[in-house]
Amino acid sequence: MSRLEAFIDRMVAQKRLLEHTARLIADVPGPVLELGLGNGRSFDHLREILPGREIFAFDRSITAHPSCVPDGEHMIVGEIRETLKFCGPRVRRPAALVNIDLGTADETAELAIVHWLSPLIAERVAPGGYVLSDLALDLPAFDVVAKPEGTEACQHQLFQKRGMP
Ligand SMILES: C[S@@+](CC[C@H](N)C(=O)[O-])C[C@H]1O[C@@H](n2cnc3c(N)ncnc32)[C@H](O)[C@@H]1O
């Protein structure tokens, strides 16, 4: 399989997984948090498949196409280690879904992020809410949820916080 084919497979699987997770949160109130706006691709897809759902995007800088950047109230710029901790007054409610796509390829950097990010995520998600993550987070209050068929090419893990929405 060429690298182009592997990339296409990964993107198709990621799209399917986002759509599957969007269906899972139908009965979970609260906003969606997109950690890592990047090019704005997954943000743009989430807002298309979740009309009416409030979505906050986080990134240290804005590099997305202007048409894929949320309005000023919903774009939270800065280091996620700080902004996620202090976003309460803006985000207000626990999240129904946190989609994490921070894109590090370095194992040590990834372990460091998992260390500070996991507790911040745990306190931001509503009971019954979901986390879709490219990082192997340490979330003792969550269950790992099996991913649907046809999403194997996407390495993201799906977690659900225990408790009733
Ligand atoms: C792989 S890209 C996200 C791709 C995006 N989800 C998309 O579909 O286009 C990762 C993004 O996460 C951001 N990022 C990584 N670590 C961060 C951190 N600690 N704080 C803030 N932003 C971070 C980077 O600036 C980059 O824009």
Side-chain angles (χ1 to χ4, degrees), residues 3-25 30-51 53-91 94-125 129-139 145 147-148 150-159:
R3 286 178 63 101
L4 177 63
E5 288 168 324
F7 176 76
I8 291 168
D9 278 3
R10 212 169 55 248
M11 292 299 107
V12 170
Q14 186 183 8
K15 175 177 174 293
R16 285 191 188 134
L17 197 49
L18 285 172
E19 290 166 0
H20 173 74
T21 311
R23 288 190 289 275
L24 291 177
I25 65 165
V32 171
L33 308 185
E34 167 80 346
L35 303 193
L37 177 68
N39 291 324
R41 283 189 292 241
S42 47
F43 165 74
D44 192 36
H45 197 59
L46 281 169
R47 69 179 169 180
E48 199 169 298
I49 61 178
L50 290 167
R53 184 75 73 155
E54 198 170 23
I55 306 178
F56 292 88
F58 294 68
D59 208 300
R60 56 167 64 101
S61 60
I62 300 177
T63 54
H65 186 273
S67 67
C68 295
V69 179
D71 62 56
E73 183 60 21
H74 293 88
M75 181 69 230
I76 299 182
V77 180
E79 284 298 314
I80 288 168
R81 190 173 186 163
E82 300 304 327
T83 52
L84 193 59
K85 203 183 304 177
F86 296 105
C87 68
R90 231 155 119 184
V91 172
L97 167 64
V98 183
N99 182 45
I100 302 169
D101 195 6
L102 295 178
T104 174
D106 183 275
E107 194 189 340
T108 308
E110 186 169 316
L111 283 172
I113 297 172
V114 164
H115 179 73
W116 60 257
L117 185 58
S118 298
L120 293 177
I121 294 296
E123 69 185 37
R124 277 271 151 243
V125 178
Y130 289 82
V131 176
L132 195 51
S133 174
D134 67 337
L135 298 165
L137 295 175
D138 179 19
L139 297 172
V145 178
K147 298 192 301 185
T151 63
E152 297 78 9
C154 177
Q155 296 300 310
H156 293 200
Q157 291 184 357
L158 183 58
F159 303 87

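Counting starts at 1 for both ligands and their atoms, following the listed order. Note that the numbering runs from 1 along the sequence shown for the chain. No hydrogens, no waters, no symmetry mates; every other heavy atom, side chains included, goes into these values.
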* Heavy-atom count around R81 CZ within 6.0 Å, excluding the residue itself: above 12? -> no

* **Set of ring-ring contact (aromatic ring centres under 6.0 Å, His included) partners for F43, sequence neighbours left out** => none

Please tabulate, one pair per line, all N/O donor-acceptor pairs under 3.5 Å involving side-chain atoms of residues 73-80, not counting sequence neighbours.
| unit_1 | atom_1 | unit_2 | atom_2 | d |
| --- | --- | --- | --- | --- |
| H74 | ND1 | D71 | OD1 | 2.8 |
| H74 | ND1 | D71 | OD2 | 3.2 |
| H74 | NE2 | E54 | OE2 | 2.7 |
| E79 | OE1 | R60 | NH2 | 3.3 |
| E79 | OE2 | R60 | NE | 2.7 |
| E79 | OE2 | R60 | NH2 | 3.4 |

* **Pair K15 + E19: basic N to acidic O under 4.0 Å** => yes

* Under a 4.5 Å cut-off applied to non-hydrogen side-chain atoms, are L139 and V125 in contact? -> no

With a cut-off of 3.5 Å and sequence neighbours excluded, list every side-chain donor-acceptor pair involving residues 3-11.
| unit_1 | atom_1 | unit_2 | atom_2 | d |
| --- | --- | --- | --- | --- |
| E5 | OE1 | S2 | N | 2.8 |
| E5 | OE1 | S2 | OG | 3.4 |

* **Residues in the immediate environment of ligand 1 (any heavy atom closer than 4.0 angstrom)** => E34, G36, L37, G38, N39, G40, R41, S42, D59, R60, G78, E79, I80, D101, L102

